[in-house]
Amino acid sequence: MRNLLLFVILLLSSFQLTAQSKDVIIIETKNTAIVLTVAGNQRLLQSYIGKKLVTADYMQMKAGREVYLTAGIDNQFEPALRIIHADGNPSLELQYVSSKTTADAYSKRTDIVLRDPVYPVEVIMHYVSYYNEDVIKCWTDIVHREKKPVTLTHYASSLLHLNADEYWLTQFHGDWAREVNMVEEKLTNGIKSLESKLGARTNFYQTQMFFVSLNKPSTETDGEVIAGTLGWTGNFKFTFEIDQRNGLRVLSGINPYATEYNLQPGEIFQTPEFIFSYSAAGKGTASRNIHRWARNYAVLDGNKPRLTLLNNWEATHTNFTETKLVELFDEAKNLGIDLFLLDDGWFGNKYPRNDDKAGLGDWQEDKKKLPSGIGYLVQEATKKEIKFGIWLEPEMVNPKSELYEQHPEWILKLPNREENYGRNQLVLDMVNPQVQDFVFNLVNDLLTKYPGIAFIKWDCNRSMTNAYSPYLKNLQTHLYIDYTKGLYKVMERIRAKHPHLPIMLCAGGGGRTDYGALKYFTEFWPSDNTDGLERIFIQWGYSYFFPANTISAHVTSMGKQQSLKFRTDVAMMGKMGYDIRVNNFTKQELQFSNEAVKTYKRMSDVIWFGDLYRLVSPYEENRAVLMYVNENKSKSILFNYNMNIRRKDLFNRVLLQGLDPEKKYRITEVNLFPETKSTQPDNDKVVSGEYLMKVGLNLTPGRVNSLTSNVFEITAE
Ligand code: GLA
């Protein structure tokens, strides 16, 4: 097996490009380094990426591969950047000009200026390295001073060159109600790409996150691996190209499909952030790095607590009255949760929203269903000492709506073609500043009129088809990019006025889950599939890149064959909430759920802000085991889910991770159903962290039943 150090040596011998030692740029975190060097011809090379060298002998590195490959001159592979100049010349050369480093207490930023020697085009590459989290993010600014616009046809945020014997790619693909299915495969020569062309609700079929493992598939605890994701709520593309020398090029950025961008002189084209972490110890470390980075720097209020909530979608759909909702407030109160979330169906008068066929776009209270209005609901909720939240789908419109009648020019649709619907609706033209104002005002007016609104669920239930922006006229190739920028502009305005309001990102389930959006949102809805068994896989999938406090998980009546305890235990591994008729609970179920909410509140700090260790994968066994450990290792929460157990399934003891070997821990099974006792052999034992990590726990003694689960609180004495 070749390691990355050897890779450098290999590069030294196989490439002719030589760097000048004064021009070595080092980008470092606690355990990772990237070394960029300037070749004799002034091209900027990536000379190293991987584990930080103990000797830090980076000045010796003098070779590599061009870091931001352009098209049209000598590069014959997929370019990071391709420009057609104003005079039609389709080539670009980028030479190193200068670099500058600035730092704060937590991160270091390196800006590198590259310039074409002939055409007035400049690229500024930005790297921000987060030392403690071992995460690096990078993006580029592209700008020119030609007399007329240039056309950008390719514009990656990042190009990484890797070298190993083999490359193993892990992707997360899916569909509605079956999001983030994890698949790992060996890359072969040629190009493999993971991408989206959906526009809105962009990552419905493919989530913008991947692992590349070097030399062999990485495990949770072993192997060299790079975890990468793109902070962009629009079309994205990751290209993995193995070249003739078995080198791998990983290009990440906006998908340039149907998106040639006309860049005006002086205008800056900023690519979105590509975020990655390199781990020499498997996927577990890479996930924990990304989680920590996300909580500290990426997700809005990532280190702050979240609200538990009761949603009424699965319980009532659009069929409710004012009186019924107030009853539900009581149910929320009975459960002991913080907030009631009113879902779809509260608006529309000429075209009332009684199902998904009408009303979208008409954001006035339905006078029949809610004669006393939202204000009354907020007031009633407040009386009952719970908070109130509301569902919106601001970017969409039903053809059966007043908005459609009043503003046909605000809608994305092709001239000369029939309208094409998804869930009976069309997408608004977020490129149009008037539409941006409409969306901003909808949210801002609601929050101003009802300051008691404490939560928003922001939905987006279809992708783009027949997409054409009336506003963009003959610049249609800007649509996909400008739509996303339009969304961000609105979110910037909302956040300027309402900086901390929790807003859930939802897109018919997990169609929008990315760090571009999570700057503005506090959590996301991973899937409309809330069956406990299915959710184990879905939440497991998202856990590779997102911390638990962003992954909403509700207890519902989907998956009725599973006990309420099983469904509750599954929701507890994420940001727990409810979407169920509490009135239908038996006395014991209500007692159990009351206790569960209290237990969750006691433990949620560890789940939300702790380190995640995935111990047994549901992809490998008929069970799933994971644990969270708090920062000072004094407390851990362990979840054990037995799935579809077969008669002869064999289960080994489970070795815990992340504990202090020297501390003594008490193991307590919690969240037991009333009048049941723990049958776990290790319940109530006090053992050392070393024991738990070396000898482990027997979580499946004797025969276990399918769809059963355990939650343990593991506390240092
Ligand atoms: C989407 C969401 C659901 C619910 C419905 C309402 O499907 O994912 O949670 O809000 O819309 O129409």
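This one's a predicted model, so the numbers in the text were calculated from it and none came from an experiment. Remember, it's 1-based here, ligands and their atoms both numbered in the order they're listed. This chain uses plain numbering: 1 for the first residue, then up along the sequence.
- Looking only at protein heavy atoms, the nearest one to atom 9 (O) of ligand 1 is Lys457 NZ, 2.7 Å.
- Of the candidates Thr318, Leu392, Asn311, Asp344, it is Asp344 that places a heavy atom closest to atom 12 (O) of ligand 1.
- For atom 5 (C) of ligand 1, the closest heavy atom belonging to the protein is Trp313 CE2, 3.5 Å.
- The backbone N or O of Asn303 sits nowhere less than 3.5 Å from a side-chain atom of Arg295 that would complete a donor-acceptor pair.
- Between Phe545 and Phe211, the ring-plane angle classifies as tilted under the 30° and 60° cut-offs.
- Annotation for ligand 1: atoms under 4.0 Å from non-hydrogen atoms of Cys506 are 2 (C), 8 (O).
- Neither the backbone nor the side chain of Glu393 comes within 4.0 Å of ligand 1, counting heavy atoms alone.
- Formation of a donor-acceptor pair under 3.5 Å by the Asn398 side chain with backbone atoms of Lys400 is not found in this model.
- The shortest contact between atom 11 (O) of ligand 1 and any protein heavy atom is with Asp459 OD2, 3.0 Å.
- Residue Gly508 approaches ligand 1 through these ligand atoms, each under 4.0 Å from one of its heavy atoms: 1 (C), 7 (O), 8 (O).
- No side-chain donor-acceptor contact under 3.5 Å links Thr530 to the backbone of His554.
- Nearest protein neighbour of atom 10 (O) of ligand 1, counting heavy atoms only, is Asp343 OD1, 2.7 Å.
- With Trp525 as the aromatic partner, Arg535 meets the cation-pi criteria of under 6.0 angstrom to the ring centre and within 45 degrees of the ring axis.
- Atoms of ligand 1 found under 4.0 Å from any heavy atom of Arg423, numbered from 1 in the order shown, are 5 (C), 6 (C), 11 (O), 12 (O).
- Summary of contacts: the protein heavy atom closest to atom 7 (O) of ligand 1 is Asp528 OD2, 2.7 Å.
- Taking every heavy atom of Asn461 and a limit of under 4.0 angstrom, the matching atoms of ligand 1 come to 1 (C), 7 (O), 11 (O).
- By the 6.0 Å and 45° rule, Arg493 stacks over the aromatic ring of Phe440.
- The side-chain tip of Arg614 points at the ring of Tyr544 from less than 6.0 angstrom away and within 45° of straight on.
- Annotation for ligand 1: atoms under 4.0 Å from non-hydrogen atoms of Gly509 are 8 (O).
- Taking the ring centre of Phe455 as origin, the terminal cationic atom of Lys387 falls outside the region bounded by 6.0 Å and 45° from the ring axis.
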